[in-house]
Amino acid sequence: MNITTDVKYIGIDDAELTIFESQYKLPAGMCYNSYLILDNKVAIIDTTDQRKVDEWEVKLKNELGGRKPDYLVVQHMEPDHSSGIARAIELYPEIKIVASAKAFHLIELYFEGIDLTNRVLIVKEGDTLELGAHTLQFFAAPMVHWPEVIVTYDQKDKILFSADGFGKFGTMNADPDDWACEARRYYFNICGKYGVQVQALLKKAATLDIEQILPLHGPMLKGDAMAEALRLYDIWSRYDVETHGVFVAYASIHGGTKVAALRLADMLREKGVPKVSVSDLTTDDQAEAIEDAFRMSHLVCCASSYDGGLFPPMHDFLHHLKIKAYQRRTAALLENGSWAPCAARVMREMLTEMKDINIMEPTITIHGRMHIEDVAKLEELANNIAADFLN
C-alpha cells in the first residue's frame, strides 16, 4: 500500500487476536504497522509480531520488487514490533540495524546469539540518515513507553514515524475519524504512567513540520484527524480533564451497593451534571474503566466491604489507577458493610497515595441494603458534586 510515492505500508492486521499484552481485550483485533522507504538506499521501519512474521516477509518482498534493504530502523523493541529482526538479517545479511544504544542491548536479550557484527548503527538525538531524496532524523522518546524508544522524522515527506505514540487498539482499516475511543483506552492503560515523557515528545514534535503521523498500531493520521490526536495527547499527557463529568465505578457483591450507585448516578443526571458514566467493576472491561476515570473530572467509588478490607474488584481498579499515575481529580466514596463497614477506609487510603486527589464529603455508608434514611445522604453528596459543575 502506498503512503507516498516512496513510502510503503507493509504492516499486518491481526484480526483474530482477542487479548493484547495478555490483559487488554481486543473487540476489533490489532495491527502491527511496518513501513518501507524506497530511495537510493532502502530502509525498513520496524517489523512485526512473531505471529505474523511470515506474512510480513511476503509483503516486504513484494514491495521491494527484488531490491535489498540497506537499513532496518528499530524504533521500539517490544516483541509485537521487533520479532522480524532475526528474519530480516537472515534474508538480507548485509542489512544494517539502526537503533538507540539501549535497543541493541535489548536485541541481544531477545535474540540470544544474534550476530550483529558490522550491522550496528547507533543513533542518538538529532542524528540523521541520508537515503537519497529522503533524510531520516531521529529523536529519543524514552519511556514512551520503553526506555530504548526513538521516533523517526522523514524530512522529505514530512512524516513522523511515532513508534507506540498515537497508537490504538484495532486493525489498520479502522476509521481514523473514530480514533479517540480506542486510542484513549490504549493510551491510559499502556502509556498513562508516562505523561511527562509524552509531553517531552510532543514538544519535540512541535518543532517539526509534520503532515502525517504513522504509528506502530492503528491508522495513519493526517489533516483534521492528526490535529485532534495531537490535541488529545496534550490533554492526556498533562493529566488534564477531557470531559467534565462523573464516573461512577461500583463493585457490588449481592446487589446492594449496585442499587445505591445507580441511584446516585440518576441523582447526578437529574441535577444537571453534564456527563455521567457508570461501570460495574465486576463484569465490565477494567481497561475501559481506567479510561473513563482518566477522562472524567470526578470519580465516585462505590464498593462493598470484604474480609476486613475492600472488595477485590475495587481494590484492583484503584491499584491500576495508582500504577498508571492517576492524579488531579475529585473523588467521592460510598461503602457498604452489613456489620463492620471498612471499604471507605481502604479506598481513602489508596486514593490519598495518588497525586492531587481531592476527596469530597460526605462519605456514605450503607448497611447491607440502601434504606430510606440513606436517600438524604445520597442527595447531599449529589448536591455537593453537582455544585462543582455550577461554579
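All values derive from a computational prediction rather than experimental measurement. Just so you know, these numbers use all the heavy atoms, side chains as well, and skip hydrogens, waters and symmetry mates.
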### Message
Show, in sequence, the C-alpha distance, side-chain angles and deciding distance for Arg345 and Glu335, and conclude whether the salt bridge (Lys or Arg N to Asp or Glu O under 4.0 Å) test is met.
### Response
CA-CA 9 Å; Arg345 170 182 56 80; Glu335 67 176 352; over 6 Å; no
For the student: nearest non-hydrogen atoms of [X] and [Y], plus distance:
X	Y	value
Asn384	Pro362	ND2-CD, 3.6 Å
Cys342	Gly308	SG-C, 3.4 Å
Leu333	Ala344	CD1-O, 3.8 Å
Val74	Ala99	O-CB, 3.6 Å
Leu381	Ala332	CD1-CB, 3.9 Å
Ser305	Gly337	OG-CA, 4.0 Å

Around atom [atom1] of [X], are there more than 12 heavy atoms of other residues, nucleotides or ligands at under 6.0 Å?
X	atom1	answer
Lys222	NZ	no
Asn62	CG	yes
Asp224	CG	no
Lys324	NZ	yes

### Message
Before we go on, tell me: are the rings of His320 and Tyr326 under 6.0 Å apart, centre to centre?
### Response
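Not close enough - the centres of the two rings lie 6.0 Å or further apart.
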Taking [X] for the side chain and [Y] for the main chain, is one N or O donor matched with an acceptor at less than 3.5 Å?
X	Y	value
Ser297	Gly245	yes
Lys25	Thr18	no
Lys8	Leu36	no
Tyr153	Ser162	no
Asp307	Gly309	no
Asn33	Gly218	yes
Asp157	Ile159	no
His254	Ser252	no
Asp39	Ala133	yes
Ser82	Met77	yes

Under-4.0 Å salt bridge between [X] and [Y]:
X	Y	answer
Asp70	Lys96	no
Asp266	Arg269	yes
Arg329	Asp356	no
Glu63	Lys59	no
Lys377	Glu380	no
Glu379	Lys271	yes
Lys322	Glu353	yes
Arg119	Glu94	no
Asp49	Lys52	no
Lys102	Glu108	no

Hey, can you tell me if [X] and [Y] have their rings parallel, tilted or perpendicular (30° and 60° cut-offs)?
X	Y	value
Phe294	Tyr239	tilted
Tyr24	Phe169	tilted
Tyr187	Tyr233	perpendicular

Could you tell me whether the side chains of [X] and [Y] share a donor-acceptor contact shorter than 3.5 Å?
X	Y	result
His145	Glu78	yes
Glu291	Asn189	no
Trp236	Glu242	yes
Asp374	His367	no
His298	His244	no
Trp56	Ser34	yes
His134	Asp6	yes
Tyr35	Asp46	no
Thr128	Thr135	no
Ser83	Arg51	no
Thr152	Gln137	no
Asn336	Ser304	no
Gln199	Asp234	yes
Ser277	Asp292	yes
Glu148	His76	yes

### Task
May I ask you to test the Val246-Phe389 pair for a side-chain heavy-atom distance under 4.5 Å?
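Yes - at least one pair of side-chain heavy atoms lies under 4.5 Å apart.
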### Query
Taking it one step at a time, do Gln155 and Leu136 satisfy side-chain contact (heavy atoms from CB on, under 4.5 Å)?
CA-CA 6 Å; Gln155 295 179 355; Leu136 303 183; over 6 Å; no
Starting at [atom1] of [X], measure out to [atom2] of [Y] and round the result to the nearest 0.5 Å.
X	Y	atom1	atom2	value
Leu264	Ile364	CG	CD1	6.0 Å
Ile45	Leu72	CD1	CG	8.5 Å
Ile12	Leu60	CD1	CG	10.0 Å

### Query
Does the side-chain contact (heavy atoms from CB on, under 4.5 Å) test come out yes or no for Thr363 and Leu334, once each step is laid out?
CA-CA 6 Å; Thr363 293; Leu334 184 154; over 6 Å; no
### Query
What's the verdict on side-chain contact (heavy atoms from CB on, under 4.5 Å) for Asp164 and Val144, showing C-alpha distance, side-chain angles and the deciding distance?
CA-CA 7 Å; Asp164 267 355; Val144 186; 5.9 Å; no
### Message
Before you tell me yes or no, could you show the steps for Asp240 and Arg328 under salt bridge (Lys or Arg N to Asp or Glu O under 4.0 Å), namely the whole-Å CA-CA distance, both residues' side-chain angles and the distance that decides it to 0.1 Å?
### Response
CA-CA 7 Å; Asp240 279 355; Arg328 299 179 61 197; 2.8 Å; yes
### Query
Stepwise, does the side-chain contact (heavy atoms from CB on, under 4.5 Å) test hold for Tyr92 with Val42?
CA-CA 12 Å; Tyr92 307 105; Val42 175; over 6 Å; no
